[in-house]
There are 2 protein chains.
Amino acid sequence: MEQDHYAGLLLENQLCFPLYAASREIIRLYRPYLEALDLTYTQYITMMVIWEEREISVKQLGGRLYLDSGTLTPLLKSLEAKGYVTRTRSEADERVVLVRLTDTGLALRERALSVPAGMRACLRLTDAEAATLYKLLYKLLTSETGN
Amino acid sequence: MEQDHYAGLLLENQLCFPLYAASREIIRLYRPYLEALDLTYTQYITMMVIWEEREISVKQLGGRLYLDSGTLTPLLKSLEAKGYVTRTRSEADERVVLVRLTDTGLALRERALSVPAGMRACLRLTDAEAATLYKLLYKLLTSETGN
DNA sequence: TGCAATTAGATTGTACACAAGATAATATAC
DNA sequence: GTATATTATCTTGTGTACAATCTAATTGCA
């Protein structure tokens with residue numbers, strides 16, 4: 001009786017909890033790999049976008065990463081202090097701050113090349129499972145904005 | 001050529017990123033529901049375990065939630081300040097702090113009953129998709145500890 | 001043109017996460 | 001039985017997250 005009534009509030013019946021816990025566990029697994037690059041996990045995924053784009057505004061970066069300026073501003077200042085990027089106001093629109101990859105930042109990409117394979121080896125999922133998980137996570141991520 | 005070489009470092013080819021981003025998005029969706037209960041998301045899942053156990057040590061709580069005392073100590077002090085739990089040293093072992101549900105904390109459970117259904121309505125996943133996702137997330141969560 | 005609305009970014013304040021180190025209590029080895 | 005190791009928790013410091021607020025620049029429109 002009571003079990004049924006409160007079953008919805010049991011941790012083991014939540015979808016959010018394994019999502020939250022697994023996310024933190026994966027980030028924890030990245031730590032040793034990323035420490036060698038002097039990057040945190042958030043800095044790492046930020047660098048991924050910058051490696052791809054070479055130059056991008058804070059706003060666009062936030063759109064890609066689902067992060068706002070409150071998180072990105074200090075993070076980008078830190079990446080700038082490490083010498084991986086520069087931050088300059090756009091001349092075309094002074095509101096915009098453009099983040100640009102430096103040579104040091106580009107060189108870091110080479111050293112980061114081994115990270116993804118190392119991480120994949122840590123995860124005990126088959127390729128099919130990983131693909132299914134990937135699809136479902138993106139469905140979650142892109143579907144709930146309407147509410 | 002270059003694309004292939006660096007494909008592993010593209011954000012869109014990461015499994016970790018949608019995991020991380022979806023986790024934050026779901027927690028963001030919980031916010032309006034939990035604000036009415038004066039709980040953050042982490043406090044909410046902590047209360048779930050305490051509602052279930054009534055009394056639990058900080059260590060056991062950390063095992064259930066994958067959180068350490070550095071996170072839990074201030075969080076539990078905050079829950080204590082709100083009147084939902086008490087924190088007392090175990091008499092049997094003075095190293096252990098026992099967290100106990102108060103009457104106020106128990107009453108909060110009633111008000112939390114509507115949260116899970118409200119959240120499920122926000123997620124546009126079928127029951128089958130949710131079940132698959134749940135299974136894969138727990139596989140991730142429980143399988144990578146060996147490395 | 002001129003001004004209200006919008007936009008991009010920075011700042012502030014609160015709350016995690018978590019590594020690293022400290023402290024006190026208990027268990028273990030000898 | 002005592003020295004040592006282990007354990008549980010707390011504390012400190014760093015780095016996110018994110019809401020709310022602020023500022024400055026740009027856009028839109030009457």
Side-chain angles (χ1 to χ4, degrees), chain A residues 16-17 19-32 34-35 37-47 56-82 85 87-99, chain B residues 16-17 19-32 34-35 37-47 56-82 85 87-99:
Chain A
C16 62
F17 173 68
L19 187 60
Y20 159 78
S23 171
R24 288 186 297 110
E25 285 296 293
I26 300 303
I27 289 173
R28 193 180 56 74
L29 286 179
Y30 268 104
R31 195 176 307 273
L34 298 182
E35 263 172 8
L37 307 178
D38 190 24
L39 291 178
T40 64
Y41 175 75
T42 314
Q43 289 166 6
Y44 173 61
I45 58 171
T46 302
M47 286 306 299
I56 190 170
S57 73
V58 173
K59 182 72 176 178
Q60 291 172 308
L61 206 40
R64 292 285 293 275
L65 298 170
Y66 297 80
L67 291 170
D68 68 8
S69 68
T71 301
L72 285 174
T73 295
L75 188 149
L76 291 169
K77 283 180 178 173
S78 163
L79 288 178
E80 186 178 40
K82 296 177 209 236
V85 304
R87 294 163 61 248
T88 38
R89 291 273 165 188
S90 162
E91 294 192 4
D93 185 339
E94 289 278 344
R95 292 170 304 180
V96 173
V97 168
L98 290 174
V99 181
Chain B
C16 62
F17 173 67
L19 187 61
Y20 159 77
S23 170
R24 288 186 297 111
E25 286 295 293
I26 300 303
I27 289 172
R28 196 180 53 74
L29 286 179
Y30 268 104
R31 194 177 306 274
L34 297 182
E35 263 172 6
L37 307 178
D38 192 23
L39 291 178
T40 64
Y41 176 75
T42 314
Q43 289 167 6
Y44 173 61
I45 59 172
T46 302
M47 286 305 299
I56 191 170
S57 73
V58 174
K59 181 74 176 176
Q60 291 172 309
L61 205 41
R64 292 285 294 275
L65 298 170
Y66 297 81
L67 290 171
D68 68 8
S69 69
T71 301
L72 285 175
T73 295
L75 187 147
L76 291 169
K77 283 181 179 174
S78 162
L79 288 177
E80 185 178 41
K82 296 178 209 230
V85 304
R87 294 162 61 249
T88 38
R89 292 272 164 190
S90 162
E91 293 193 3
D93 185 340
E94 288 279 344
R95 291 170 303 179
V96 172
V97 168
L98 291 174
V99 180

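All heavy atoms count here, side chains included; hydrogens, waters and symmetry mates do not. Order of the sequence lines sets the chain letters (A, B, ...), proteins ahead of strands, with each chain counted from 1.
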Nearest-nucleotide check on DNA chain C, A/E35 vs A/R89; residue mapping nearer the 5' end is A/R89
Is the phosphate of [N] approached by [X] (side-chain N or O, under 4.0 Å from OP1 or OP2)?
| X | N | result |
| --- | --- | --- |
| A/T40 | D/dT14 | no |
| B/R31 | C/dA15 | no |
| B/Q60 | D/dA8 | no |
| A/T71 | D/dA17 | no |
| A/K59 | C/dT6 | no |
| B/Y20 | D/dA17 | yes |
| A/K77 | D/dT16 | no |
| B/R28 | D/dC18 | no |

Check your understanding: Is atom NZ of B/K82 surrounded by more than 12 heavy atoms (other residues, nucleotides or ligands) closer than 6.0 Å?
Key ->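 Yes - once you tally the heavy atoms of other residues, nucleotides and ligands closer than 6.0 Å, there are more than 12.
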Closest listed nucleotide, where the reference is the side chain of [X] and the choices are [options]:
| X | options | result |
| --- | --- | --- |
| B/V96 | D/dC10, C/dC18, D/dT9 | D/dT9 |
| B/D93 | C/dA25, D/dC10, C/dG9 | C/dA25 |
| A/R24 | D/dA17, C/dA17, C/dT26 | C/dA17 |
| A/T42 | C/dT26, C/dA10, D/dA17 | D/dA17 |

Q | Any N/O donor-acceptor pair, B/R95 side-chain to D/dT7 base, under 3.5 Å | A |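 Such a pair is found, so the answer is yes.
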Quiz item: Hey, does the side-chain of A/S69 have a donor or acceptor N/O within less than 3.5 Å of a partner on the base of C/dA8?
Solution: no
B/L67 atom CG is separated from C/dC16 atom P, nearest whole Å, by 10 Å
Here the gap from A/L29 atom CG to A/R24 atom CZ, rounded to the nearest 0.5 Å, amounts to 12.5 Å
Original post:
Is A/K77 salt-bridged to A/E80, going by a charged N under 4.0 Å from an acidic O?
Top reply: no
Practice item. Pick base, sugar-phosphate or nothing for B/I27, based on heavy-atom distances below 4.0 Å to the nucleic acid. Key: nothing
message: Categorize B/S57 for me: base, sugar-phosphate, or nothing, with a 4.0 angstrom heavy-atom threshold over every strand shown.
response: sugar-phosphate
